[in-house]
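Just below is one structure, and these are the notes that go with it.
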Number of protein chains: 2
Amino acid sequence: MSFSPDCPLCIPDHDILLWQDDRLRVVRVDDPPYPGYLRVVWQRHVAEMTDIDALDRLHLMRAVFQIERLQRAILRPDKINLASLGNQVPHLHWHLIPRWRGDPCFPDAIWAPLRHDPARAGAWADARAALAPRVERLHRILAAHGPAADIPDTGA
Amino acid sequence: MSFSPDCPLCIPDHDILLWQDDRLRVVRVDDPPYPGYLRVVWQRHVAEMTDIDALDRLHLMRAVFQIERLQRAILRPDKINLASLGNQVPHLHWHLIPRWRGDPCFPDAIWAPLRHDPARAGAWADARAALAPRVERLHRILAAHGPAADIPDTGA
């Protein structure tokens, strides 16, 4: 397994692991404004999708889309954002970010400057609090069953 | 084919088409700071990757990764950024953005604020001019052969 001693994703101290197999891991990103934000990190230290072979790409993207399906079913966001950037940490990983019309950056990418709107921030704090049990549920399901988990009965 | 009359990607006036099949199209994004920036747009009006079926996802991602391979071979960027956001235009499309250490936002995402550094901007203008023939070549190859094009001999 390739490994780079200076890479933070090769020494995942800050990751909160939910699930892993021999090729990838699913981690929580507890970025306060973005409930349900997850990352899928390739275990090997490679930079690009085209640095891994077609079967590995299939395995990785299948996990990404299975998790998108769970995020949508459990969290009911207005949009899903998927991105593989890696400019700062060139170790292959995907950002899976549920987005809501009321979140602090919508409709911009989360990497755009935050919108400083006190009324919106207050409403979003309430919305986030209401989402917290569903985020916990998403984490619990992923930790127990991984990306291929059945979609649970999400109730009303 | 589903179609939404208010969606700019359903009426692609601003697209500069390079190649298409019945399911997707590859378009140039002539965003000046980012040479070789391309988008892959799903022809049908759907919002998310999990709104299309597994075979369509495979077709779309295969095109994305084939193009990444061409961007890397022809442009030799320092990094590739891939993203499916769609917050502003919820019609499924992928951004494929070659990145260089000297570009105006590196190592941030291109959606972050531009760095206003005159020395860097001057050096980047020179680098972009030097890249222009390779960008033309990428466009020509995609227009002639599509994402599955053989990787050309890129010389020294």
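Neither the backbone nor the side chain of B/D103 comes within contact range of chain A; no heavy atoms are under 4.5 Å apart. The contact between B/R99 and chain A is made entirely by side chain atoms (from C-beta outward), counting heavy-atom distances below 4.5 Å. No part of B/I97 comes within reach of chain A, as not one of its non-hydrogen atoms sits under 4.5 angstrom from that chain. With a threshold of 4.5 angstrom between heavy atoms, B/F106 approaches chain A through side-chain atoms but not through N, CA, C or O.
Residue B/D126 places its CG atom among more than 12 non-hydrogen atoms of other residues, nucleotides or ligands, all under 6.0 Å distant.
The candidate from B/R69, B/Q66, B/R72 with the greatest count of non-hydrogen atom pairs under 4.5 Å with chain A is B/R72. With chain B as partner, the option from A/E48, A/Q88, A/M49, A/M61 having the largest number of non-hydrogen pairs under 4.5 angstrom is A/E48. Ranked by heavy-atom pairs under 4.5 Å with chain B, the list A/H95, A/R57, A/R62, A/R101 is led by A/R57.
For the pair A/P147 and A/W19, the minimum side-chain heavy-atom distance is below 4.5 Å.
Ring-plane geometry between B/H45 and B/H91 is classed as perpendicular, the angle between the planes exceeding 60 degrees on a 0 to 90 degree scale with a lower cut at 30.
Distance alone, capped at 3.5 Å, is enough to place a donor-acceptor pair between the B/Q43 side chain and the B/D21 backbone.
No side-chain N or O of B/D108 forms a donor-acceptor pair with one of A/N87 less than 3.5 Å apart. A/H93 and A/R39 share no donor-acceptor pair across their side chains, judged by distance under 3.5 Å alone.
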